[in-house]
Structures are given as structure tokens and as C-alpha cells.
There are 2 protein chains.
Amino acid sequence: MSRTPHHPTRDQIELPMVLDCLSDPIRLAIVYQLAQQERVSSELRCSDFSALSGKSNLAYHFAKLRDCGLMRTRVAGTNRFMRLRREDLEARFPGLLDAVLSSAAKDADRLPLVSGCELVEVDRK
Amino acid sequence: MSRTPHHPTRDQIELPMVLDCLSDPIRLAIVYQLAQQERVSSELRCSDFSALSGKSNLAYHFAKLRDCGLMRTRVAGTNRFMRLRREDLEARFPGLLDAVLSSAAKDADRLPLVSGCELVEVDRK
DNA sequence: CCCTATGTTCAACGTTTATTGAACTATCAA
DNA sequence: TTGATAGTTCAATAAACGTTGAACATAGGG
């Protein structure tokens, strides 16, 4: 279980997969929460998303987000730290991520975005 | 078969449905082609997309595009004229449609966007 | 009126999807 | 070593999805 999971290269990031990933409310919420956190520390642990769903369902969504290139997972001890691949996304599809994020922000009341989401100071390991 | 099909109001347009719609390569191609056509006449007939798939499969995708608010269908005789709901989209999710379209344009070689798509002058009925 | 062109609707199908709980692995701390 | 913590993996399930072809509806032209 220790090997760091697979991530696509920047060039392998595909538009339909990215849009499909973002079309799921839970994954959109994960991405949104990661984007919020960027202002503070850029990384969050899996358990920081526990308000959105159960552990095993989150693991499923994390895998999809990794597979499509939206986020990167760093293994540190028993934790996984996730962060947005903002630069790669911006290079591949300029403006797309921000357009989606601001659209989500605009509809925050309709989406399950920020259940109990206050910013968290993470101690990088 | 004559009644004009159902369209959501501007306010009913939801982000996850829009992203999901755009995540299908065929639907993305339809939207892309409609956007191209906008410069000329803003409307296209169903049969203008026949390079993308069969009639009944296209009807299925058209229905999804209507249901999520991405396009509007106008019935005129035996034809249906479709156009992008650009203003509604822009009002709901500013910048989103253009970001997706320019991302698609950037990846035009990887996507089934423009099989035999030259601009067509349509005589509005 | 019949014939054709344009699209939709329906049933069928195989595939993919999201979700669950249980079992498992790995790491850390006592 | 024992126990607790953090997450993944697997199998099972139900629902949704994309695609097909056949049948249908509608309008226009001879």
C-alpha cells in the first residue's frame, strides 16, 4: 500500500475526463475545498473531506481525480496529502479551472460544497 | 411531435449537469460546432451534425443538451433549428463556456470535433 | 393523395457509474 | 507487541449511460 499512486503526465490530461470528473458534486466539492485551502497550505488530508462521504467512497473519488489529472497525492506515513494540479491544468486548459471554481462559488448554496469547511492549518510532514 | 420541446429556465441551469453534458465527446463536438456557426447564423439543423453519429443517437444527445440548458431547439416545419444558449450560460456561469470552448479548440486534434465541419449558410425559415 | 425527408420515441443491450460494508495494509505510538 | 489510526481494495448492488435499429409522427412537394 506504500507506493505512491499513478498520476498522468501533464500532456496526458484530457478535457472530457476533466469535465466528467468535475461534474460529480462530491468531486467538485473536493476540488473546491482544495482550491480554498490553496491560500493557506495547498494540501489537505483525505480525512479533511470526511464531511462529504464515507472513507471508501472518498478513496474512489480521489482515484478518479488523480486519474484525470486534477490532483496529486503525496504519501507521507499513514497520511495522503492531496493538492490541486493547478499549474498543469492552467497549462493545458487556460482559465478552465478558475471558471469552474467561480461558477461553483456562485452556486455554493445549491451544491454540497462546504459542509463544515473552515480553512485548516496543516503541518506539512 | 409538433410541440416545442422542454427547456429549463435560465435559473434552472445547474453546473454539474452542464459539465456532465460537456464531458461527452459527441456533445462537446455539437456545442463546439454550434459555437463556430454562431459567427455566421447562430443556428444549425440536426442533420448538420450527421457526421458525428446516427440520427437517433443524435436525438438522444440533443435532448441532454436541451435538458441541461446548453442549447435551445426551435421547431420549423420538419426541421429543428438549434442554437447555443450563450447569454443564459454567460449569466449563470461567466466565462465557463468560453473556457471550455477554447480548451476544446486547443485539443481539436485529440477530439472528434470537426469531422467535416465547414461553416454553413442557413436560410432562416 | 402518396412519397419522401426530417427527427423523435421506444425497447433492448451491454457498459460504466456511484455507493456500501467488510477485509485488508501500513504506519505510528505506547 | 499490541492497539489505534489512516486509507486502500474488493465484491456486490442498483442506477444511469451511450448506442442501436425499428417504429412512429409530422410537414412539404409532386
Side-chain angles (χ1 to χ4, degrees), chain A residues 1-7 14 16-31 43-68 71-83 111-112 120 122-125, chain B residues 1-7 14 16-31 43-68 71-83 111-112 120 122-125:
Chain A
M1 181 175 160
S2 51
R3 276 245 38 65
T4 110
H6 173 260
H7 297 85
E14 303 276 2
M17 289 189 73
V18 168
L19 295 176
D20 184 50
C21 244
L22 294 170
S23 75
D24 180 278
I26 290 187
R27 290 192 292 262
L28 182 59
I30 292 170
V31 167
E43 285 186 322
L44 282 174
R45 291 195 312 283
C46 296
S47 57
D48 292 320
F49 302 93
S50 55
L52 294 171
S53 186
K55 290 201 308 177
S56 85
N57 186 230
L58 284 178
Y60 165 76
H61 287 300
F62 290 149
K64 293 217 104 181
L65 286 164
R66 271 196 309 271
D67 290 348
C68 83
M71 71 179 209
R72 198 176 284 283
T73 300
R74 178 173 67 90
V75 179
T78 137
N79 295 305
R80 269 86 177 146
F81 287 94
M82 0 238 13
R83 67 175 188 282
L111 298 166
V120 174
V122 178
D123 25 41
R124 312 277 217 87
K125 160 73 191 317
Chain B
M1 181 178 162
S2 51
R3 279 244 36 64
T4 111
H6 173 260
H7 297 85
E14 303 275 3
M17 289 188 75
V18 168
L19 295 176
D20 185 49
C21 245
L22 294 170
S23 75
D24 180 276
I26 291 188
R27 290 191 293 262
L28 182 58
I30 293 170
V31 167
E43 285 186 324
L44 282 175
R45 290 196 311 283
C46 297
S47 58
D48 292 321
F49 302 93
S50 55
L52 295 171
S53 186
K55 291 200 309 178
S56 85
N57 187 231
L58 283 179
Y60 165 76
H61 287 300
F62 291 149
K64 292 216 105 180
L65 286 164
R66 271 195 311 269
D67 289 348
C68 83
M71 70 179 210
R72 197 176 288 281
T73 300
R74 177 172 68 89
V75 179
T78 140
N79 295 304
R80 268 87 178 147
F81 287 94
M82 358 236 18
R83 66 175 187 283
L111 297 167
V120 174
V122 178
D123 26 42
R124 313 277 219 87
K125 160 70 194 321

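We use all heavy atoms of the structure for the numbers below, so side chains are in, but hydrogens, waters and symmetry mates are not. Order of the sequence lines fixes the chain letters, A, B, ..., with proteins taken first and strands second; residue numbering starts at 1 for each chain.
Side-chain atoms of A:Thr78 lie closest to C:dC28 of the nucleotides C:dC28, C:dT6, D:dG18. Between C:dT27, D:dT8, D:dT26, one nucleotide has an atom nearer to the side chain of A:Arg66 than all others, and that is D:dT8.
Contact record, B:Thr4 with B:Val75: CA-CG2, 4.1 Å, taken as the closest heavy-atom pair. For the pair A:Ser23 and B:Asp20, the tightest heavy-atom approach, listed with the atom from each and the gap, is CB-N, 3.3 Å.
How far CD1 of A:Ile30 is from CG of A:Asp48: 11.5 Å, rounded to the nearest 0.5 Å. Remark: B:Ser53 OG to B:Leu58 CG distance equals 5.0 Å, nearest 0.5 Å. One distance of note links CZ of B:Arg45 with CE of B:Met82; it measures 11.5 Å at 0.5 Å rounding. Annotation: the span from A:Phe81 atom CZ to A:Cys46 atom SG amounts to 9.5 Å, rounded to 0.5 Å.
A side-chain N or O of A:His61 and one of A:Arg27 form a donor-acceptor pair less than 3.5 Å apart. Using modelled atom types and a 3.5 Å distance limit, the side chains of B:Thr73 and B:Arg80 yield no donor-acceptor pair.
Straight-line distance from the CZ atom of A:Arg45 to the P atom of D:dT8: 13 Å, rounded to whole Å. As rounded to whole Å, 16 Å separates atom C1' of D:dG18 from atom CG of B:Leu28. Taking atom CG on A:Asp20 and atom C1' on D:dG18, their separation rounds to 13 Å, with Å as the unit. One interatomic measurement links the two molecules: CZ of A:Arg80 to P of C:dA26, which rounds to 10 Å at whole-angstrom precision. Protein atom CG of B:Leu65 is 12 Å distant from nucleotide atom P of C:dT8, rounded to whole Å. Note: CG (A:Asp67) to C1' (C:dT16) measures 14 Å, nearest angstrom. Rounded to an integer number of Å, the gap from CG of B:Leu52 to P of C:dG7 is 14 Å. The distance between atom CZ of A:Phe49 and atom C1' of D:dA6, rounded to the nearest whole Å, is 14 Å.
In DNA chain D, runs of at least 3 consecutive Watson-Crick or G-U pairs, each pair with both distances below 3.5 Å, span C:1-30 with D:1-30.
Look at B:Asn79 and you won't find any side-chain N or O under 4.0 angstrom from OP1 or OP2 of C:dA5. Using a 4.0 Å cut-off, some side-chain N or O of B:Arg27 falls inside it from OP1 or OP2 of D:dG18.
Considering only residues two or more places apart in sequence or on other chains, A:Arg72 meets the salt bridge (charged side-chain N to carboxylate O under 4.0 Å, His left out) condition with A:Asp88.
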What protein N or O atoms touch nucleotides 19-23 of chain C N or O atoms at under 3.5 angstrom, if any, and at what distances?
{"from": "C:dT19", "atom 1": "OP2", "to": "A:Asn57", "atom 2": "OD1", "distance (Å)": "3.2"}
{"from": "C:dT19", "atom 1": "OP2", "to": "A:His61", "atom 2": "NE2", "distance (Å)": "2.6"}
{"from": "C:dG21", "atom 1": "O6", "to": "A:Ser56", "atom 2": "OG", "distance (Å)": "3.1"}

